[in-house]
Amino acid sequence: MKSAVETLNPTRVRLTVEVPFEELKDSLDAAYKKINQQVTVKGFRKGKIPARIIDQRFGRPAVLEEAVNDALPKLYTEAVNEAELNPLGQPDVDITELKDGESLSFTAEVDIRPTIEIPDYSGIEVTVDAVEVSDEDVDKAVEDLRGRFASTNPVERAAAEGDVITIDLEAKVDGEVLEDGVASGVSYTIGSGELLDGIDEAVTGLSADEEATFTSELKGGSAEGKESEVTVKVTAVAARELPELDDDFAQMASEFDTLEELRADSRKRLLNMKQYDQATQAQERVLDELLKLTEVPIPEKLLEDEINTRKHNLVNHQLAQMGIDLGKYLEIQGKTEEEFDAETREQAVKGIKTQFILDELVTKEKLNVNQEELTEHLMRRASSSGMSPDEFAKAVVEGGQVPMLVGEVARGKALAVVVEAARVVDTAGEVVDLSDEYDDENDEDEATQAAEAAETVEAPAETVEAAATVESDKPAEKPEA
(Lines give C-alpha, C1' and ligand atoms only; values in the text may rest on other atoms or scores of the structure.)
Protein backbone atom coordinates (compact mmCIF):
# COMPACT_ATOMS: atom_id res chain seq x y z
CA MET A 1 0.00 0.00 0.00
CA LYS A 2 1.23 3.47 -0.88
CA SER A 3 -0.02 6.61 0.81
CA ALA A 4 0.70 10.32 0.72
CA VAL A 5 -0.44 13.20 2.92
CA GLU A 6 -1.44 16.64 1.66
CA THR A 7 -1.91 19.40 4.23
CA LEU A 8 -5.03 21.38 3.32
CA ASN A 9 -4.77 23.72 6.32
CA PRO A 10 -3.28 23.51 9.84
CA THR A 11 -6.17 21.31 11.00
CA ARG A 12 -7.12 19.25 7.94
CA VAL A 13 -5.28 16.84 5.64
CA ARG A 14 -6.02 14.70 2.60
CA LEU A 15 -4.70 11.16 2.49
CA THR A 16 -4.20 9.63 -0.96
CA VAL A 17 -3.97 5.86 -0.78
CA GLU A 18 -3.20 3.28 -3.50
CA VAL A 19 -3.71 -0.40 -2.67
CA PRO A 20 -2.56 -3.40 -4.77
CA PHE A 21 -5.53 -5.61 -5.57
CA GLU A 22 -4.02 -8.64 -3.86
CA GLU A 23 -4.40 -6.83 -0.52
CA LEU A 24 -8.17 -7.02 -1.00
CA LYS A 25 -8.16 -10.84 -1.11
CA ASP A 26 -9.37 -11.36 2.46
CA SER A 27 -12.13 -8.79 1.98
CA LEU A 28 -13.14 -10.37 -1.35
CA ASP A 29 -13.37 -13.79 0.31
CA ALA A 30 -15.47 -12.25 3.08
CA ALA A 31 -17.72 -10.56 0.50
CA TYR A 32 -18.40 -13.84 -1.33
CA LYS A 33 -19.09 -15.57 1.98
CA LYS A 34 -21.50 -12.86 3.08
CA ILE A 35 -23.39 -12.90 -0.23
CA ASN A 36 -23.46 -16.71 -0.08
CA GLN A 37 -25.35 -16.54 3.20
CA GLN A 38 -27.85 -13.98 1.90
CA VAL A 39 -28.94 -15.37 -1.48
CA THR A 40 -30.41 -18.57 -2.90
CA VAL A 41 -29.53 -20.08 -6.29
CA LYS A 42 -31.41 -23.09 -7.62
CA GLY A 43 -29.19 -26.15 -7.82
CA PHE A 44 -26.79 -25.02 -5.10
CA ARG A 45 -26.94 -25.40 -1.36
CA LYS A 46 -27.02 -22.16 0.62
CA GLY A 47 -23.49 -21.07 1.39
CA LYS A 48 -22.03 -23.33 -1.34
CA ILE A 49 -22.55 -21.12 -4.39
CA PRO A 50 -19.32 -20.83 -6.45
CA ALA A 51 -17.83 -17.35 -6.87
CA ARG A 52 -18.26 -17.43 -10.67
CA ILE A 53 -22.01 -18.11 -10.26
CA ILE A 54 -22.35 -15.17 -7.87
CA ASP A 55 -20.50 -12.97 -10.41
CA GLN A 56 -22.85 -14.13 -13.17
CA ARG A 57 -26.08 -13.81 -11.21
CA PHE A 58 -25.44 -10.72 -9.12
CA GLY A 59 -22.58 -8.96 -10.86
CA ARG A 60 -18.93 -8.62 -10.01
CA PRO A 61 -19.41 -4.87 -9.13
CA ALA A 62 -21.68 -5.83 -6.20
CA VAL A 63 -18.97 -8.13 -4.85
CA LEU A 64 -16.30 -5.46 -5.29
CA GLU A 65 -18.43 -2.88 -3.49
CA GLU A 66 -18.93 -5.21 -0.53
CA ALA A 67 -15.20 -6.02 -0.43
CA VAL A 68 -14.16 -2.36 -0.58
CA ASN A 69 -16.57 -1.42 2.21
CA ASP A 70 -15.08 -4.18 4.33
CA ALA A 71 -11.47 -3.22 3.59
CA LEU A 72 -11.68 0.58 3.85
CA PRO A 73 -11.60 0.96 7.68
CA LYS A 74 -8.47 -1.18 8.00
CA LEU A 75 -6.74 0.48 5.02
CA TYR A 76 -7.58 3.96 6.33
CA THR A 77 -6.28 3.10 9.82
CA GLU A 78 -3.02 1.75 8.35
CA ALA A 79 -2.54 4.94 6.32
CA VAL A 80 -3.23 7.13 9.38
CA ASN A 81 -0.78 5.20 11.54
CA GLU A 82 1.86 5.21 8.83
CA ALA A 83 1.57 9.00 8.53
CA GLU A 84 1.52 9.37 12.34
CA LEU A 85 -1.62 11.50 12.24
CA ASN A 86 -3.99 12.32 15.11
CA PRO A 87 -7.38 12.38 13.38
CA LEU A 88 -10.49 13.99 14.85
CA GLY A 89 -13.85 12.60 13.87
CA GLN A 90 -14.85 10.65 10.78
CA PRO A 91 -13.06 11.16 7.43
CA ASP A 92 -14.70 12.05 4.14
CA VAL A 93 -13.74 9.09 1.92
CA ASP A 94 -13.87 9.12 -1.87
CA ILE A 95 -13.05 6.10 -4.06
CA THR A 96 -11.08 7.61 -6.92
CA GLU A 97 -10.29 4.43 -8.86
CA LEU A 98 -11.10 0.74 -8.65
CA LYS A 99 -9.53 -1.51 -11.30
CA ASP A 100 -10.64 -5.10 -10.93
CA GLY A 101 -7.59 -7.32 -10.51
CA GLU A 102 -5.21 -4.34 -10.46
CA SER A 103 -5.63 -1.73 -7.71
CA LEU A 104 -7.84 0.40 -5.49
CA SER A 105 -7.24 4.12 -4.98
CA PHE A 106 -9.08 6.40 -2.56
CA THR A 107 -8.71 9.71 -0.77
CA ALA A 108 -9.69 10.52 2.82
CA GLU A 109 -10.01 14.06 4.11
CA VAL A 110 -10.02 14.35 7.88
CA ASP A 111 -9.53 16.93 10.62
CA ILE A 112 -6.41 16.47 12.73
CA ARG A 113 -5.08 17.82 15.96
CA PRO A 114 -3.10 20.95 15.18
CA THR A 115 0.56 21.23 16.07
CA ILE A 116 0.77 23.48 19.13
CA GLU A 117 3.81 25.26 20.47
CA ILE A 118 3.44 25.66 24.23
CA PRO A 119 4.95 29.03 25.23
CA ASP A 120 7.05 29.71 28.32
CA TYR A 121 4.35 29.98 30.94
CA SER A 122 6.64 30.65 33.89
CA GLY A 123 6.14 34.39 33.42
CA ILE A 124 2.37 34.28 33.89
CA GLU A 125 1.19 36.50 36.73
CA VAL A 126 -2.40 36.82 37.96
CA THR A 127 -4.20 38.63 40.76
CA VAL A 128 -6.80 36.91 42.93
CA ASP A 129 -9.07 37.95 45.78
CA ALA A 130 -7.43 38.17 49.18
CA VAL A 131 -8.57 35.64 51.76
CA GLU A 132 -10.23 37.48 54.63
CA VAL A 133 -12.71 36.22 57.19
CA SER A 134 -14.31 39.06 59.12
CA ASP A 135 -16.26 38.94 62.35
CA GLU A 136 -19.32 39.79 60.25
CA ASP A 137 -18.72 36.68 58.10
CA VAL A 138 -18.60 34.53 61.24
CA ASP A 139 -21.71 36.24 62.63
CA LYS A 140 -23.62 35.46 59.43
CA ALA A 141 -22.53 31.83 59.41
CA VAL A 142 -23.64 31.37 63.01
CA GLU A 143 -26.92 33.17 62.30
CA ASP A 144 -27.56 30.89 59.31
CA LEU A 145 -27.00 27.89 61.57
CA ARG A 146 -29.25 29.44 64.19
CA GLY A 147 -31.99 29.91 61.60
CA ARG A 148 -31.97 26.18 60.85
CA PHE A 149 -32.92 25.51 64.47
CA ALA A 150 -35.69 28.09 64.59
CA SER A 151 -39.17 27.08 65.75
CA THR A 152 -42.55 28.56 64.80
CA ASN A 153 -45.42 29.39 67.11
CA PRO A 154 -48.91 30.60 66.12
CA VAL A 155 -49.62 34.26 66.95
CA GLU A 156 -52.78 36.34 66.91
CA ARG A 157 -51.52 39.49 65.26
CA ALA A 158 -50.86 40.99 61.83
CA ALA A 159 -48.19 39.29 59.74
CA ALA A 160 -44.74 40.88 59.59
CA GLU A 161 -41.47 40.22 57.79
CA GLY A 162 -39.93 36.93 58.88
CA ASP A 163 -43.25 35.40 59.91
CA VAL A 164 -44.33 32.05 58.48
CA ILE A 165 -47.84 32.34 57.14
CA THR A 166 -50.30 29.85 55.68
CA ILE A 167 -52.12 31.19 52.63
CA ASP A 168 -54.65 30.38 49.91
CA LEU A 169 -54.01 31.73 46.42
CA GLU A 170 -56.22 32.37 43.39
CA ALA A 171 -54.85 33.76 40.11
CA LYS A 172 -56.93 35.32 37.34
CA VAL A 173 -55.93 36.32 33.82
CA ASP A 174 -58.35 38.55 31.90
CA GLY A 175 -60.90 38.01 34.67
CA GLU A 176 -60.87 34.20 34.39
CA VAL A 177 -59.59 31.96 37.18
CA LEU A 178 -56.83 29.71 35.84
CA GLU A 179 -57.27 25.95 36.19
CA ASP A 180 -53.78 25.71 37.64
CA GLY A 181 -54.04 29.07 39.39
CA VAL A 182 -55.60 27.92 42.67
CA ALA A 183 -53.63 26.68 45.69
CA SER A 184 -54.55 26.14 49.35
CA GLY A 185 -52.56 25.72 52.53
CA VAL A 186 -49.32 27.12 51.11
CA SER A 187 -46.62 27.84 53.70
CA TYR A 188 -44.62 31.00 53.01
CA THR A 189 -41.98 32.98 54.89
CA ILE A 190 -42.50 36.71 54.37
CA GLY A 191 -39.42 38.26 52.81
CA SER A 192 -38.01 35.04 51.37
CA GLY A 193 -38.85 36.02 47.78
CA GLU A 194 -39.79 32.43 46.97
CA LEU A 195 -43.24 33.11 45.51
CA LEU A 196 -44.69 35.87 43.34
CA ASP A 197 -43.36 39.40 43.04
CA GLY A 198 -45.50 41.71 45.16
CA ILE A 199 -46.74 39.09 47.60
CA ASP A 200 -44.62 40.35 50.50
CA GLU A 201 -46.16 43.80 50.32
CA ALA A 202 -49.65 42.30 49.95
CA VAL A 203 -49.56 40.02 53.01
CA THR A 204 -47.59 42.25 55.39
CA GLY A 205 -50.07 43.65 57.89
CA LEU A 206 -52.77 41.02 57.26
CA SER A 207 -54.14 38.92 60.10
CA ALA A 208 -55.68 35.45 59.86
CA ASP A 209 -58.81 35.34 57.61
CA GLU A 210 -57.88 38.62 55.90
CA GLU A 211 -57.09 38.85 52.19
CA ALA A 212 -55.58 41.19 49.62
CA THR A 213 -55.31 41.42 45.84
CA PHE A 214 -52.21 42.36 43.87
CA THR A 215 -50.92 42.16 40.31
CA SER A 216 -47.93 40.01 39.41
CA GLU A 217 -46.31 38.31 36.41
CA LEU A 218 -46.77 34.55 36.69
CA LYS A 219 -43.51 32.59 36.90
CA GLY A 220 -44.86 29.23 35.75
CA GLY A 221 -47.92 27.24 34.72
CA SER A 222 -50.25 27.60 31.77
CA ALA A 223 -50.14 31.42 31.81
CA GLU A 224 -46.41 31.81 32.49
CA GLY A 225 -45.18 35.33 31.78
CA LYS A 226 -48.64 36.89 31.78
CA GLU A 227 -49.89 39.60 34.14
CA SER A 228 -52.30 38.12 36.66
CA GLU A 229 -54.62 39.43 39.34
CA VAL A 230 -53.78 37.39 42.42
CA THR A 231 -55.96 37.13 45.50
CA VAL A 232 -54.13 35.93 48.63
CA LYS A 233 -55.89 34.99 51.86
CA VAL A 234 -53.97 34.55 55.09
CA THR A 235 -55.32 31.60 57.11
CA ALA A 236 -52.66 31.47 59.85
CA VAL A 237 -49.72 33.50 61.15
CA ALA A 238 -46.76 32.00 63.01
CA ALA A 239 -43.71 33.75 64.38
CA ARG A 240 -40.24 32.28 64.01
CA GLU A 241 -38.39 32.00 67.29
CA LEU A 242 -34.64 31.68 67.22
CA PRO A 243 -32.73 29.86 69.95
CA GLU A 244 -30.55 31.93 72.27
CA LEU A 245 -26.93 32.24 71.17
CA ASP A 246 -25.25 30.58 74.09
CA ASP A 247 -23.36 27.44 75.03
CA ASP A 248 -26.59 25.44 75.08
CA PHE A 249 -27.16 26.32 71.43
CA ALA A 250 -23.59 25.31 70.54
CA GLN A 251 -24.14 21.92 72.19
CA MET A 252 -27.48 21.45 70.40
CA ALA A 253 -26.27 22.51 66.94
CA SER A 254 -22.72 21.09 66.90
CA GLU A 255 -20.21 18.84 68.59
CA PHE A 256 -18.79 21.79 70.55
CA ASP A 257 -19.40 22.62 74.21
CA THR A 258 -19.20 26.40 73.98
CA LEU A 259 -20.34 29.13 71.63
CA GLU A 260 -16.76 30.36 71.43
CA GLU A 261 -15.61 26.99 70.11
CA LEU A 262 -18.46 26.97 67.59
CA ARG A 263 -17.50 30.43 66.33
CA ALA A 264 -13.84 29.38 66.06
CA ASP A 265 -14.83 26.34 63.99
CA SER A 266 -17.05 28.51 61.75
CA ARG A 267 -14.12 30.86 61.17
CA LYS A 268 -11.88 27.91 60.26
CA ARG A 269 -14.45 26.50 57.84
CA LEU A 270 -14.94 29.90 56.18
CA LEU A 271 -11.18 30.29 55.86
CA ASN A 272 -10.84 26.88 54.20
CA MET A 273 -13.68 27.67 51.79
CA LYS A 274 -12.18 31.01 50.82
CA GLN A 275 -8.73 29.47 50.36
CA TYR A 276 -10.28 26.82 48.11
CA ASP A 277 -12.14 29.50 46.15
CA GLN A 278 -8.92 31.50 45.86
CA ALA A 279 -7.02 28.50 44.50
CA THR A 280 -9.79 27.81 41.98
CA GLN A 281 -9.78 31.47 40.96
CA ALA A 282 -6.01 31.28 40.46
CA GLN A 283 -6.37 28.22 38.25
CA GLU A 284 -9.06 29.85 36.10
CA ARG A 285 -7.11 33.08 35.65
CA VAL A 286 -3.84 31.30 34.93
CA LEU A 287 -5.66 29.22 32.32
CA ASP A 288 -7.07 32.39 30.72
CA GLU A 289 -3.55 33.83 30.47
CA LEU A 290 -2.21 30.61 28.99
CA LEU A 291 -4.97 30.69 26.35
CA LYS A 292 -3.99 34.26 25.43
CA LEU A 293 -0.35 33.23 24.97
CA THR A 294 -0.97 30.15 22.83
CA GLU A 295 -1.92 30.06 19.16
CA VAL A 296 -4.35 27.23 18.49
CA PRO A 297 -5.94 26.64 15.05
CA ILE A 298 -9.50 25.33 15.48
CA PRO A 299 -10.91 22.69 13.09
CA GLU A 300 -14.07 24.24 11.65
CA LYS A 301 -16.08 21.01 11.57
CA LEU A 302 -15.16 20.21 15.15
CA LEU A 303 -16.18 23.72 16.18
CA GLU A 304 -19.49 23.44 14.34
CA ASP A 305 -20.21 20.08 15.98
CA GLU A 306 -19.35 21.45 19.42
CA ILE A 307 -21.62 24.49 18.97
CA ASN A 308 -24.49 22.26 17.86
CA THR A 309 -23.91 19.91 20.80
CA ARG A 310 -23.99 22.78 23.29
CA LYS A 311 -27.21 24.16 21.81
CA HIS A 312 -28.81 20.71 21.75
CA ASN A 313 -27.93 20.02 25.39
CA LEU A 314 -29.21 23.41 26.51
CA VAL A 315 -32.52 23.20 24.63
CA ASN A 316 -33.33 19.50 24.98
CA HIS A 317 -32.02 18.87 28.48
CA GLN A 318 -31.56 21.94 30.68
CA LEU A 319 -34.39 24.11 29.31
CA ALA A 320 -36.70 21.14 28.71
CA GLN A 321 -36.43 20.22 32.39
CA MET A 322 -37.31 23.81 33.29
CA GLY A 323 -40.29 23.75 30.94
CA ILE A 324 -39.17 26.68 28.78
CA ASP A 325 -37.95 27.05 25.21
CA LEU A 326 -34.94 28.91 23.85
CA GLY A 327 -36.97 32.03 23.06
CA LYS A 328 -38.17 32.33 26.67
CA TYR A 329 -34.67 31.64 27.96
CA LEU A 330 -33.23 34.46 25.83
CA GLU A 331 -35.99 36.77 27.05
CA ILE A 332 -35.14 35.98 30.68
CA GLN A 333 -31.43 36.47 30.00
CA GLY A 334 -32.07 39.71 28.12
CA LYS A 335 -30.11 38.48 25.08
CA THR A 336 -30.76 38.45 21.36
CA GLU A 337 -30.32 35.25 19.36
CA GLU A 338 -27.27 36.79 17.70
CA GLU A 339 -25.69 37.52 21.10
CA PHE A 340 -26.47 33.98 22.26
CA ASP A 341 -24.90 32.47 19.13
CA ALA A 342 -21.79 34.63 19.55
CA GLU A 343 -21.41 33.62 23.21
CA THR A 344 -21.93 29.93 22.41
CA ARG A 345 -19.27 30.10 19.71
CA GLU A 346 -16.86 31.88 22.04
CA GLN A 347 -17.39 29.26 24.76
CA ALA A 348 -16.93 26.42 22.26
CA VAL A 349 -13.68 27.92 20.94
CA LYS A 350 -12.39 28.35 24.50
CA GLY A 351 -13.31 24.79 25.41
CA ILE A 352 -11.58 23.28 22.38
CA LYS A 353 -8.47 25.45 22.81
CA THR A 354 -8.27 24.50 26.48
CA GLN A 355 -8.41 20.81 25.74
CA PHE A 356 -5.87 20.96 22.93
CA ILE A 357 -3.40 22.98 25.04
CA LEU A 358 -3.74 20.87 28.17
CA ASP A 359 -3.50 17.65 26.17
CA GLU A 360 -0.26 18.93 24.63
CA LEU A 361 1.03 19.73 28.11
CA VAL A 362 0.17 16.21 29.25
CA THR A 363 2.43 14.85 26.51
CA LYS A 364 5.16 17.45 27.00
CA GLU A 365 5.33 16.97 30.78
CA LYS A 366 4.89 13.17 30.51
CA LEU A 367 2.01 13.19 32.97
CA ASN A 368 0.27 9.97 33.95
CA VAL A 369 -2.89 9.19 35.90
CA ASN A 370 -2.78 6.59 38.64
CA GLN A 371 -5.65 4.49 39.90
CA GLU A 372 -6.13 6.54 43.07
CA GLU A 373 -6.47 9.78 41.12
CA LEU A 374 -8.92 8.22 38.68
CA THR A 375 -11.00 6.75 41.53
CA GLU A 376 -11.12 10.10 43.34
CA HIS A 377 -12.26 11.86 40.17
CA LEU A 378 -14.83 9.16 39.44
CA MET A 379 -16.33 9.52 42.91
CA ARG A 380 -16.58 13.29 42.53
CA ARG A 381 -18.27 12.94 39.15
CA ALA A 382 -20.63 10.33 40.58
CA SER A 383 -21.60 12.69 43.39
CA SER A 384 -22.37 15.54 40.99
CA SER A 385 -24.44 13.22 38.78
CA GLY A 386 -26.59 12.02 41.66
CA MET A 387 -25.49 8.41 41.14
CA SER A 388 -23.70 6.08 43.52
CA PRO A 389 -20.00 5.50 42.75
CA ASP A 390 -20.73 1.89 41.75
CA GLU A 391 -23.58 2.91 39.41
CA PHE A 392 -21.51 5.67 37.86
CA ALA A 393 -18.46 3.42 37.41
CA LYS A 394 -20.60 0.77 35.73
CA ALA A 395 -22.11 3.35 33.35
CA VAL A 396 -18.64 4.73 32.54
CA VAL A 397 -17.20 1.29 31.76
CA GLU A 398 -20.21 0.16 29.72
CA GLY A 399 -20.19 3.43 27.78
CA GLY A 400 -16.46 3.19 27.03
CA GLN A 401 -15.87 6.51 28.80
CA VAL A 402 -12.89 5.54 30.97
CA PRO A 403 -10.39 7.23 28.58
CA MET A 404 -12.51 10.38 28.79
CA LEU A 405 -12.23 10.44 32.60
CA VAL A 406 -8.51 9.72 32.40
CA GLY A 407 -8.20 12.68 30.06
CA GLU A 408 -10.08 14.96 32.45
CA VAL A 409 -7.74 14.11 35.34
CA ALA A 410 -4.64 14.39 33.16
CA ARG A 411 -5.69 17.83 31.92
CA GLY A 412 -6.28 18.86 35.52
CA LYS A 413 -2.73 17.82 36.40
CA ALA A 414 -1.39 19.72 33.39
CA LEU A 415 -3.17 22.87 34.55
CA ALA A 416 -1.71 22.37 38.03
CA VAL A 417 1.79 22.34 36.53
CA VAL A 418 1.17 25.74 34.92
CA VAL A 419 -0.35 27.21 38.09
CA GLU A 420 2.66 26.10 40.13
CA ALA A 421 4.96 27.88 37.69
CA ALA A 422 2.92 31.10 37.67
CA ARG A 423 3.15 34.04 40.09
CA VAL A 424 -0.09 34.57 41.97
CA VAL A 425 -0.68 37.66 44.11
CA ASP A 426 -3.80 38.76 45.96
CA THR A 427 -5.54 42.12 45.89
CA ALA A 428 -3.57 43.15 48.98
CA GLY A 429 -0.32 42.68 47.05
CA GLU A 430 0.69 39.54 48.92
CA VAL A 431 2.16 36.55 47.04
CA VAL A 432 -0.20 33.59 47.31
CA ASP A 433 1.55 30.34 48.18
CA LEU A 434 -0.36 27.48 46.56
CA SER A 435 2.22 24.85 47.48
CA ASP A 436 -0.15 23.37 50.06
CA GLU A 437 -2.60 22.78 47.24
CA TYR A 438 -0.01 20.99 45.11
CA ASP A 439 2.32 19.06 47.39
CA ASP A 440 3.20 15.43 46.79
CA GLU A 441 0.97 14.23 49.60
CA ASN A 442 -2.12 15.70 47.99
CA ASP A 443 -1.83 14.53 44.39
CA GLU A 444 -5.41 13.27 44.32
CA ASP A 445 -6.82 16.56 45.64
CA GLU A 446 -4.62 18.44 43.20
CA ALA A 447 -5.89 16.48 40.22
CA THR A 448 -9.49 16.80 41.32
CA GLN A 449 -9.39 20.53 42.08
CA ALA A 450 -7.47 21.42 38.91
CA ALA A 451 -9.79 19.23 36.85
CA GLU A 452 -12.72 21.18 38.27
CA ALA A 453 -11.13 24.45 37.18
CA ALA A 454 -10.43 23.10 33.70
CA GLU A 455 -14.05 21.95 33.42
CA THR A 456 -15.40 25.46 34.07
CA VAL A 457 -14.80 26.24 30.40
CA GLU A 458 -16.82 23.17 29.42
CA ALA A 459 -14.06 21.47 27.48
CA PRO A 460 -15.69 19.21 24.86
CA ALA A 461 -14.38 15.91 26.16
CA GLU A 462 -16.82 13.91 24.05
CA THR A 463 -15.96 15.57 20.75
CA VAL A 464 -12.17 15.54 21.06
CA GLU A 465 -10.11 12.44 21.80
CA ALA A 466 -8.98 11.85 25.38
CA ALA A 467 -5.53 13.04 26.49
CA ALA A 468 -2.43 11.06 25.58
CA THR A 469 -2.42 9.10 28.82
CA VAL A 470 -3.83 5.90 27.36
CA GLU A 471 -2.04 3.54 25.02
CA SER A 472 -0.35 5.47 22.22
CA ASP A 473 -1.18 2.80 19.60
CA LYS A 474 -4.90 3.42 19.96
CA PRO A 475 -6.47 2.69 16.56
CA ALA A 476 -7.82 5.56 14.50
CA GLU A 477 -11.57 5.96 14.09
CA LYS A 478 -13.03 3.87 11.32
CA PRO A 479 -14.35 5.70 8.27
CA GLU A 480 -17.89 5.24 7.11
CA ALA A 481 -17.74 3.91 3.58
Side-chain angles (χ1 to χ4, degrees), residues 133-254 256 258-260 262-263 266-267 269-270 322-324 328 331-334:
V133 178
S134 66
D135 290 341
E136 290 75 15
D137 293 332
V138 177
D139 290 342
K140 184 179 184 305
V142 173
E143 278 298 318
D144 289 344
L145 179 62
R146 187 185 181 198
R148 293 204 292 272
F149 286 85
S151 59
T152 57
N153 293 303
V155 293
E156 294 183 5
R157 61 166 171 77
E161 183 171 355
D163 285 345
V164 179
I165 58 176
T166 304
I167 56 177
D168 297 336
L169 293 166
E170 181 183 83
K172 294 180 180 179
V173 173
D174 298 329
E176 297 290 331
V177 178
L178 300 171
E179 290 185 11
D180 55 355
V182 179
S184 300
V186 177
S187 180
Y188 176 66
T189 302
I190 300 176
S192 66
E194 294 175 352
L195 284 179
L196 299 167
D197 294 337
I199 193 171
D200 290 334
E201 295 79 0
V203 298
T204 300
L206 296 183
S207 298
D209 295 326
E210 293 183 340
E211 64 180 44
T213 301
F214 64 100
T215 301
S216 182
E217 181 180 306
L218 297 179
K219 296 181 178 180
S222 60
E224 179 185 3
K226 292 185 178 180
E227 286 293 318
S228 172
E229 183 181 85
V230 182
T231 299
V232 56
K233 180 180 180 180
V234 176
T235 60
V237 180
R240 294 176 77 243
E241 294 186 5
L242 297 171
E244 290 294 326
L245 277 179
D246 53 22
D247 292 347
D248 288 340
F249 168 71
Q251 293 167 20
M252 174 180 66
S254 71
F256 302 104
T258 67
L259 182 61
E260 183 179 349
L262 173 60
R263 289 180 61 84
S266 296
R267 185 180 295 275
R269 289 175 183 272
L270 289 170
M322 297 166 61
I324 62 176
K328 183 63 179 178
E331 180 184 334
I332 294 171
Q333 294 291 314

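Note that the numbering runs from 1 along the sequence shown for the chain.
- Identified under the salt bridge (charged side-chain N to carboxylate O under 4.0 Å, His left out) test for residues 232-243, with sequence neighbours left out: none.
- Asp200 places a side-chain N or O within 3.5 Å of a backbone atom of Gly191 that can act as its donor or acceptor partner.
- Using a cutoff of 4.0 Å between basic side-chain nitrogens and carboxylate oxygens, Glu331 and Lys328 are scored as salt-bridged.
- Pairs engaging residues 154-169 under the salt bridge (charged side-chain N to carboxylate O under 4.0 Å, His left out) rule: Arg157-Asp163 [sequence neighbours left out].
- Within 6.0 Å of CD in Glu143 there are more than 12 heavy atoms belonging to other residues, nucleotides or ligands.
- Closest approach of Val186 to Leu195, counting heavy atoms only: CG1-CD1, 4.3 Å.
- When each of Ile190, Val230, Leu169, Thr204 is checked for a side-chain contact (heavy atoms from CB on, under 4.5 Å) with Ile199, only Leu169 meets the rule.
- A 4.5 Å side-chain heavy-atom check between Phe214 and Leu196 finds at least one atom pair inside the cut-off.
- Inter-residue side-chain proximity for Asp197 and Glu217 is flagged as unmet; no heavy-atom pair is nearer than 4.5 Å.
- Salt bridge Asp139/Arg263: present, at least one basic N to carboxylate O contact under 4.0 Å.
- Each of Val142, Asp137, Val133 was scored for a side-chain contact (heavy atoms from CB on, under 4.5 Å) with Arg267, with one residue passing: Val133.
- Side-chain N or O atoms of Ser228 include none that pairs as donor or acceptor with a backbone N or O of Ala171 at under 3.5 Å.
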